[in-house]
Structure formats: structure tokens, C-alpha cells
Protein chains: 2
Amino acid sequence: MEDRVEISLLMDFYSPLLTEKQRNIMELYYNEDLSLAEIAELNNTSRQAIHDLIKRCYKLLLSYENKLNLLQKSMNRENRIIDFLDNLKVKYSINDKEYETLKSELEDL
Amino acid sequence: MEDRVEISLLMDFYSPLLTEKQRNIMELYYNEDLSLAEIAELNNTSRQAIHDLIKRCYKLLLSYENKLNLLQKSMNRENRIIDFLDNLKVKYSINDKEYETLKSELEDL
């Protein structure tokens with residue numbers, strides 16, 4: 001199926017927009033690494049139904065990202081935090097340990 | 001109708017999730033300040049239909065905020081940027097002009 005890392009990141013941002021059932025199945029498949037057959041059994045349905053649901057959810061997650069760009073913005077932000085800190089480091093002679101502290105503070109903002 | 005400032009902020013975050021027609025009508029009403037009657041005329045429909053659409057969109061925007069909290073997070077972030085900078089200001093004797101520059105850089109991150 002699709003790239004697991006990408007889907008896992010998309011889920012971090014958009015899983016609250018899925019239904020509880022969709023979210024549950026996506027988590028079993030992408031985070032807990034259950035097989036389609038195992039998830040089908042847990043949900044009393046066919047492997048094909050689970051496959052289709054996962055495909056549909058993936059498209060849904062992509063459509064949210066196309067509209068809101070939260071994942072893209074978050075990746076850009078990471079680079080801009082580093083630029084911001086590199087600039088600060090030069091100006092105020094910030095040491096490496098302090099740099100890392102500020103970086104993690106900014107990432108949590 | 002509902003609080004215009006709140007709706008305008010919600011639109012900043014979630015308007016891409018509305019349909020083009022919904023977005024268009026919400027913008028005419030909340031940003032361009034047209035009346036329900038004027039929007040109804042532009043759309044060849046009744047004042048009541050526009051009223052209902054706006055109500056529906058408002059509920060939709062609130063449901064997105066309840067799930068993703070982008071507006072709430074953005075408001076919290078503003079406070080945390082100030083805490084971060086106040087801390088930095090004390091440590092590195094940052095002057096007021098530089099403080100403002102860093103603040104606007106962080107707000108754009």
C-alpha cells in the first residue's frame with residue numbers, strides 16, 4: 001500500500017477528521033501493524049472491505065492535506081526554526097546546549 | 001448572527017474545507033459585509049436559504065475547530081512566543097527593537 005511514514009504523519013494531523021471506525025482501522029493497520037486479514041476478522045468483515053476503507057481514508061487524508069497543508073507547513077517550519085536559531089546563535093553567541101534547549105522550546109510552540 | 005470576529009478567525013483556518021459556494025457566501029457576509037438580502041439576490045435565491053447556509057457553515061467551522069483546534073492552538077502559541085522571548089530577552093539582553101523583530105519572525109514561523 002502507500003508510504004507508511006507519509007500516512008502516519010498525515011494521521012498525526014488529520015485523524016480527528018476521520019470517523020471513529022476509520023481512525024481505529026487506520027491505527028491498527030499503520031501504527032499497530034496488523035494485517036488486513038487480522039483487522040477484517042476483528043471487524044467481522046472481509047479483507048477487501050478493510051482494504052477499500054484504508055484506500056478511501058488515505059485519499060481523504062490527502063484531500064485534507066491538499067486543502068490545509070498542515071503537514072507541509074510543519075515541515076517548512078522545522079527549517080525556519082533552524083534558520084531563526086542559527087541567526088540568533090551568531091548574534092548572541094549561544095552555546096550548543098542552549099541552542100538545543102531553544103530548538104525544542106520552539107518546536108513545541 | 002454569531003460573533004463576527006470569531007467566525008472571521010475560524011474562516012482563516014478552515015475556509016479551504018468549505019465548498020466554493022459556501023466560502024463565497026461566507027466571505028460576502030462576514031468580510032464584505034453584504035446583507036442577507038443582497039447575497040440572496042446575487043445568488044438568485046431566498047434570504048432564508050442564505051441564512052440557513054450561513055448557519056450550517058458556522059456549525060461546520062465550529063466542528064472543525066472542535067476536532068483540530070487550530071484557532072485555539074494559534075492563540076496559545078502567541079502567548080508562548082511572548083514567554084519564549086521574555087526569557088531570551090533577560091538572558092541575552094535583547095533590546096526592544098530586536099525583540100519586536102524576533103517576535104514577528106516567530107509569528108511567521
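Given the structure is predicted, the values throughout are model-derived calculations rather than measurements. Side-chain atoms are counted along with the backbone in the values below, which use heavy atoms only and exclude waters and symmetry mates. Reminder, nothing fancy here: chain letters follow the sequence lines and each chain counts from 1.
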At what distance, to the nearest 0.5 angstrom, does OH of A/Y29 lie from SG of A/C57?
-> 12.5 Å
Under 4.5 Å, counting heavy-atom pairs only, tell me which of B/E78, B/E98, B/E105 racks up the most with chain A.
-> B/E98
Drop me the distance from B/I82's CD1 to B/E107's CD, to the nearest 0.5 angstrom.
-> 7.5 Å
Donor-acceptor pair, side chain of A/N87 and main chain of A/D83, under 3.5 angstrom = no
Between B/D108, B/N66, B/L70, B/L106, which residue shows the highest count of heavy-atom pairs closer than 4.5 Å to chain A?
-> B/L106
Which bit of B/K73 is near chain A, if near means a heavy-atom gap under 4.5 Å: side chain, backbone, both or neither?
-> neither
Mind checking whether B/I54 and B/Y30 have side chains closer than 4.5 Å, heavy atoms only?
-> yes
Got B/K89 and B/D96 here, is their nearest side-chain heavy-atom distance under 4.5 Å?
-> yes
In terms of heavy-atom proximity below 4.5 Å to chain A, should B/L102 be classed as side chain, backbone, both, or neither?
-> both
Quick one: are B/L9 and B/V5 in side-chain contact, heavy atoms under 4.5 Å?
-> yes
Within residues 15-25 of chain A, the residues sitting under 4.5 Å from chain B by heavy atom, in sequence order, are A/P16, A/L17
Taking the side chain as every heavy atom from C-beta outward, state whether A/R4 and A/I7 have any pair of such atoms under 4.5 Å apart.
-> no
Could you tell me the separation between the CD atom of B/E65 and the CZ atom of B/F13, rounded to the nearest 0.5 Å?
-> 7.5 Å
